[in-house]
S.K.: 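There's a structure below that I have some questions on.
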Amino acid sequence: MTRMMLITLVLGIFAIISMSCAAPQTAPSESTVHTINLELGTASAFNRVRPGYAGMVLSFMDNNPPMWNDTSIITINLDDPHFLFLVSSLAPALLRIGGGCEHYVVMDVNGTECKARQTPPEYCLTMNRWQKILAFSKKTGVQLIWSLGAQQRKSGTSPLDFVNINDFLNYTASLGDGILAKPDGTEGGLLGFELGNELDGGDYTTGAAVAPEIFARDYQQLRSHIDTLWKPMGEQPYVVGPAMHIQATWLRHFLATLGHDVLDLFSFHDYVAYGLDPLLPQKIMDPQFLDAYWDQAEPTIELAKNLQPGADIIIGETSAAWHSGQCGVTDRFYGSFWYANSLGQMARGGVNGFCRHNFNGGCYAMINRTDMQPNPDWWVAHVWGTLMGEEVLDLRPFLIDVVPTMLRTYAHKSKRFPTGLSGSGSGATLLLINLSPSSTYTIELSDYEKLMAPRYEYHMTATALGSDTLRINESPLSYDHASGKVTDIVKLGTFVNDSTVPVVVAPHSIVFVELADAMVY
C-alpha cells in the first residue's frame with residue numbers, strides 16, 4: 001500500500017487592492033485563513049529524472065541579430081575562466097549544442113569540405129575546434145548532445161546525404177571512448193548525437209522540412225553507423241531525436257516507421273509565447289499560461305511513452321517565449337516563475353531532461369555575456385541542481401473550498417540528504433511557487449511533526465519582477481570574479497528545528513524547503 005504523508009497547511013490570504021495589470025485573483029475582501037492538506041507520496045517515486053536534468057543549450061547563432069553576438073559554439077572563447085565556471089557550476093547538466101543555423105555548419109574533417117562548399121568561418125567546424133569542444137565538455141563535467149545538420153538533401157522527400165556526417169562520426173570514433181560522458185553524470189563528455197532541428201511540418205518541397213517516414217529512415221541509418229563504429233568499444237554515444245516541434249500527426253508517422261531501439265533519448269521542443277508579445281509580462285505570471293505549456297506538451301510526451309518505451313524523454317529546447325525571448329522579461333525574475341514551474345511540472349509529468357534555451361544568447365540568456373554575471377534562471381538551475389534529487393515524489397494540494405491556482409507545489413527526494421538524518425529514509429525537497437502579487441501563503445506543517453523538522457528554507461525573491469538580481473533569504477546572489485566563487489546558497493538556508501513554525505511563502509517568491517528527515521522510502 002502506498003504510504004502518503006498528510007501535511008496540513010494553513011494559507012493566510014491577504015487581500016490587497018492592486019493597480020497591477022496582472023490577471024486579478026479572486027480573494028476574500030478581508031484576511032482569511034484556509035486550511036488544506038498536502039499529500040506527499042513517500043513510499044515510491046513515480047518518475048526519475050536524469051542526472052543533470054536542469055540542462056541548457058548553446059547554438060551556432062552568430063551576430064544575427066546583435067543579441068546573439070559572440071555566442072556561437074564555433075567562435076566563443078571556451079578558455080574564458082568565467083564562462084568555464086558558470087557552465088561547470090551547473091554540471092552534470094545536459095548541454096545540447098544545436099538549433100539556430102546548425103544547417104549551415106560543415107564539419108571540415110579532411111580540411112577540404114569548407115573550402116569546397118565556400119562555408120564562412122563562423123560555420124566551419126574544424127577538427128581542432130571539435131576536439132576543443134569535447135575537451136570543454138570533459139573539463140566542465142557537462143553531458144554534451146551534438147546536433148548534426150540534416151538538410152543536405154534534394155528535397156524533404158529525399159534521403160539525407162550522409163557523406164559529411166559519416167566522415168565526422170568516423171573521425172570522432174577514432175578519438176576513442178575516453179571522450180564519452182558517463183550516463184550516470186559522474187563524468188562529462190560526449191553523451192550523444194542528434195539529427196536535424198525542427199524539420200517536422202511544412203510541405204516537404206525543400207530540405208527545411210522532411211517527411212516523417214524519410215526522417216525515420218535517416219535516423220535508422222545514423223543508429224546503424226554509430227553501432228558499427230562504437231559497439232566494439234563497449235560504450236557508445238546515444239542517438240537523440242527527433243528534435244521536433246509539437247506536431248502529433250508528424251510524430252505518429254515518424255515513430256511508426258522508426259520502430260524501437262533506435263532512439264536512446266526522445267527529444268522535442270516546446271514554446272508557448274511569442275517574444276514580441278507586449279503582454280508577455282502579464283501572461284508569464286498567469287497560472288493559465290503555465291498550464292498551457294504543459295497542456296501543449298502532454299500529447300507528445302504520452303506518444304513518446306507509448307511508442308518509444310525504452311527511451312528517456314528530454315525537452316531539447318525550450319524557453320518562456322520563442323523569437324529570442326523578450327529582453328527585460330525572459331532574462332529577469334519574471335521568467336524564473338515559468339522556469340521553476342516548468343522544471344517541476346515536466347519532471348512530474350514524465351520528462352527526464354530539460355534543456356533551457358539559451359545559455360548565453362538572445363533575450364532569454366541564462367548569463368549576461370557582457371559582464372559574465374548569472375541571470376536569475378541560472379540561479380534557479382543552480383539551486384535546483386543543489387537541492388533537488390532525481391526521484392520525483394507526488395505532492396498535491398487539496399482545498400475544501402478554493403484551489404490556490406497561484407500556488408504551485410512540487411517535490412523530489414532530497415539531494416543533500418539521501419539517507420536523511422536518522423538513516424531510516426531519504427529527505428525530501430519541496431518547491432513552492434507563489435505567483436500572486438498580493439497573497440501570502442502561510443504553511444503550517446502540522447501532521448507527522450517528526451518528519452517536518454529539521455528543515456532548511458530557501459526563499460528566492462527580488463526587489464521587482466524585472467530585476468536581474470535574486471536574493472535568497474534577503475541575501476543577494478552574485479558571482480565574484482576575483483575569487484572565482486558564487487554565493488554559497490546552502491549557507492543561506494534558514495534552519496528550522498520546530499515543526500510548529502510555519503513556512504511563509506511571500507507574494508512573488510519561489511521557495512525550496514529541504515525536509516532533512518522526511519523518511520521517504
Side-chain angles (χ1 to χ4, degrees), residues 50 57 94 96-100 102-103 145-162 165-166 169 191-227 236-272 294-318 322 346 349-355 357:
R50 295 186 60 83
V57 178
L94 294 170
R96 173 185 179 255
I97 297 181
E102 76 170 42
H103 52 288
I145 297 171
W146 184 268
S147 191
L148 301 160
Q151 290 173 249
Q152 282 295 314
R153 60 180 82 235
K154 294 179 180 178
S155 73
T157 56
S158 303
L160 177 64
D161 181 346
F162 267 92
I165 290 175
N166 284 346
L169 294 175
L191 183 67
F193 290 104
E194 191 175 64
L195 190 61
N197 179 67
E198 299 176 354
L199 296 183
D200 53 289
D203 59 7
Y204 314 130
T205 57
T206 69
V210 181
E213 297 84 359
I214 298 295
F215 204 40
R217 295 186 188 104
D218 292 338
Y219 261 95
Q220 290 168 345
Q221 188 169 340
L222 176 65
R223 168 94 269 173
S224 177
H225 198 62
I226 286 177
D227 286 349
Q236 63 186 87
Y238 285 177
V239 174
V240 185
M244 55 170 284
H245 296 102
I246 302 295
Q247 179 80 262
T249 300
W250 186 94
L251 179 59
R252 288 190 186 95
H253 288 284
F254 173 81
L255 294 179
T257 304
L258 184 72
H260 294 166
D261 303 321
V262 175
L263 296 178
D264 298 296
L265 300 178
F266 173 89
S267 69
F268 71 100
H269 301 173
D270 193 12
Y271 293 91
V272 174
W294 166 254
D295 293 341
Q296 178 173 273
E298 185 180 17
T300 295
I301 293 169
E302 291 305 313
L303 274 174
K305 286 179 181 178
N306 293 329
L307 300 180
Q308 287 291 302
D312 278 353
I313 301 171
I314 69 168
I315 299 181
E317 183 182 311
T318 188
W322 58 282
M346 290 297 167
V351 171
N352 309 103
F354 189 101
C355 296
H357 195 50

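In what follows, residues are counted from 1 in the order of the sequence shown.
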S.K.: Can any side-chain N or O of His260 pair as donor or acceptor with the backbone N or O of Leu307 at less than 3.5 Å?
M.R.: yes

S.K.: Taking the side chain as C-beta and beyond, is there a heavy-atom pair between Gln152 and Ile165 under 4.5 Å?
M.R.: no

S.K.: Is a side-chain donor or acceptor of Ser224 paired with a backbone partner of Gln220 at a separation under 3.5 angstrom?
M.R.: no

S.K.: When you look at Asp264 and Arg223, which way does the side-chain contact (heavy atoms from CB on, under 4.5 Å) test go after all the steps?
M.R.: CA-CA 10 Å; Asp264 298 296; Arg223 168 94 269 173; 2.9 Å; yes

S.K.: Can you tell me which residue among Val239, Val240, Ile226 is in a side-chain contact (heavy atoms from CB on, under 4.5 Å) with Phe193?
M.R.: Ile226

S.K.: Quick one: does His225's side chain get under 4.5 Å of Phe162's, heavy atoms only?
M.R.: no

S.K.: With under 30° as parallel and over 60° as perpendicular, where do the rings of Phe266 and Phe268 fit, or are they tilted in between?
M.R.: tilted

S.K.: I want to check something: taking the side chain as every heavy atom from C-beta on, are Pro237 and Trp146 in contact at a cut-off of under 4.5 Å?
M.R.: no

S.K.: Hey, does the side chain of Gln151 reach the backbone of Leu199 with a donor-acceptor pair shorter than 3.5 angstrom?
M.R.: no

S.K.: Is Gln308 reaching over with its side chain to a backbone N or O of Gly259, donor-acceptor style, under 3.5 angstrom?
M.R.: yes

S.K.: If every non-hydrogen atom of Cys355 is compared with every non-hydrogen atom of Gly316, which pair is closest and at what distance?
M.R.: CB-O, 3.5 Å

S.K.: Give me the atom names and distance for the closest heavy-atom approach of Ser155 to Arg153.
M.R.: O-CD, 3.1 Å

S.K.: Considering all heavy atoms of both residues, which atom of Ala304 and which atom of Ile313 are nearest to each other, and what is their separation?
M.R.: CB-CD1, 3.9 Å

S.K.: Can you measure from CG (Asp200) to NE2 (His253) and round to the nearest 0.5 angstrom?
M.R.: 13.0 Å

S.K.: So, for Met244 and Leu251, which heavy atoms are closest and what is the spacing to 0.1 Å?
M.R.: SD-CD1, 3.5 Å

S.K.: How long is the gap from NE2 on His103 to CG on Asn197, to the nearest 0.5 Å?
M.R.: 9.0 Å

S.K.: To the nearest 0.5 Å, tell me how far Lys305 NZ sits from Asp312 CG.
M.R.: 11.5 Å

S.K.: Any sub-3.5 Å donor-acceptor pair from Tyr219's side-chain atoms to Leu195's backbone N or O?
M.R.: yes

S.K.: Rounded at 0.5 Å granularity, tell me how far CG in Leu258 sits from CG in Leu263.
M.R.: 5.0 Å

S.K.: Which heavy-atom pair separates Ala297 from Ile246 by the least distance, and what is that distance?
M.R.: CA-CD1, 4.1 Å

S.K.: Any donor-acceptor pair under 3.5 Å linking the side chain of Asp218 with the backbone of Leu160?
M.R.: yes

S.K.: Parallel, tilted or perpendicular: which fits the ring planes of Phe215 and Phe254, with parallel below 30° and perpendicular above 60°?
M.R.: tilted

S.K.: What residues, two or more places apart in sequence or in another chain, satisfy side-chain contact (heavy atoms from CB on, under 4.5 Å) together with Ser147?
M.R.: Arg96, Glu102, Glu194

S.K.: How many angstroms lie between atom CG of Asn306 and atom CZ of Arg252, to the nearest 0.5 angstrom?
M.R.: 10.5 Å

S.K.: Would you indicate whether Asp261, at its atom CG, is surrounded by more than 12 heavy atoms from other residues, nucleotides or ligands within a distance under 6.0 Å?
M.R.: no

S.K.: Given side chains that start at C-beta, do those of Gln236 and Asp227 come closer than 4.5 Å, heavy atoms only?
M.R.: yes

S.K.: Tell me the closest heavy-atom pair linking Ser158 and Ile214, and the distance in Å.
M.R.: O-CG2, 3.4 Å

S.K.: Report the C-alpha separation of Glu317 and Tyr271 in whole Å, then their side-chain angles, then the decisive distance to 0.1 Å, and conclude whether the side chain to side chain donor-acceptor pair (under 3.5 Å) test is met.
M.R.: CA-CA 9 Å; Glu317 183 182 311; Tyr271 293 91; 2.8 Å; yes

S.K.: Can you check whether Leu265 reaches Asn352 side chain to side chain, under 4.5 Å on heavy atoms?
M.R.: no

S.K.: Look up atom CD in Glu298 and atom OG1 in Thr300, then write down how far apart they are to the nearest 0.5 Å.
M.R.: 10.0 Å

S.K.: Sequence neighbours left out, what passes ring-ring contact (aromatic ring centres under 6.0 Å, His included) with Trp294? Give chain and number order.
M.R.: none

S.K.: Looking at side-chain heavy atoms only, is the closest gap between Met346 and Thr318 below 4.5 Å?
M.R.: no

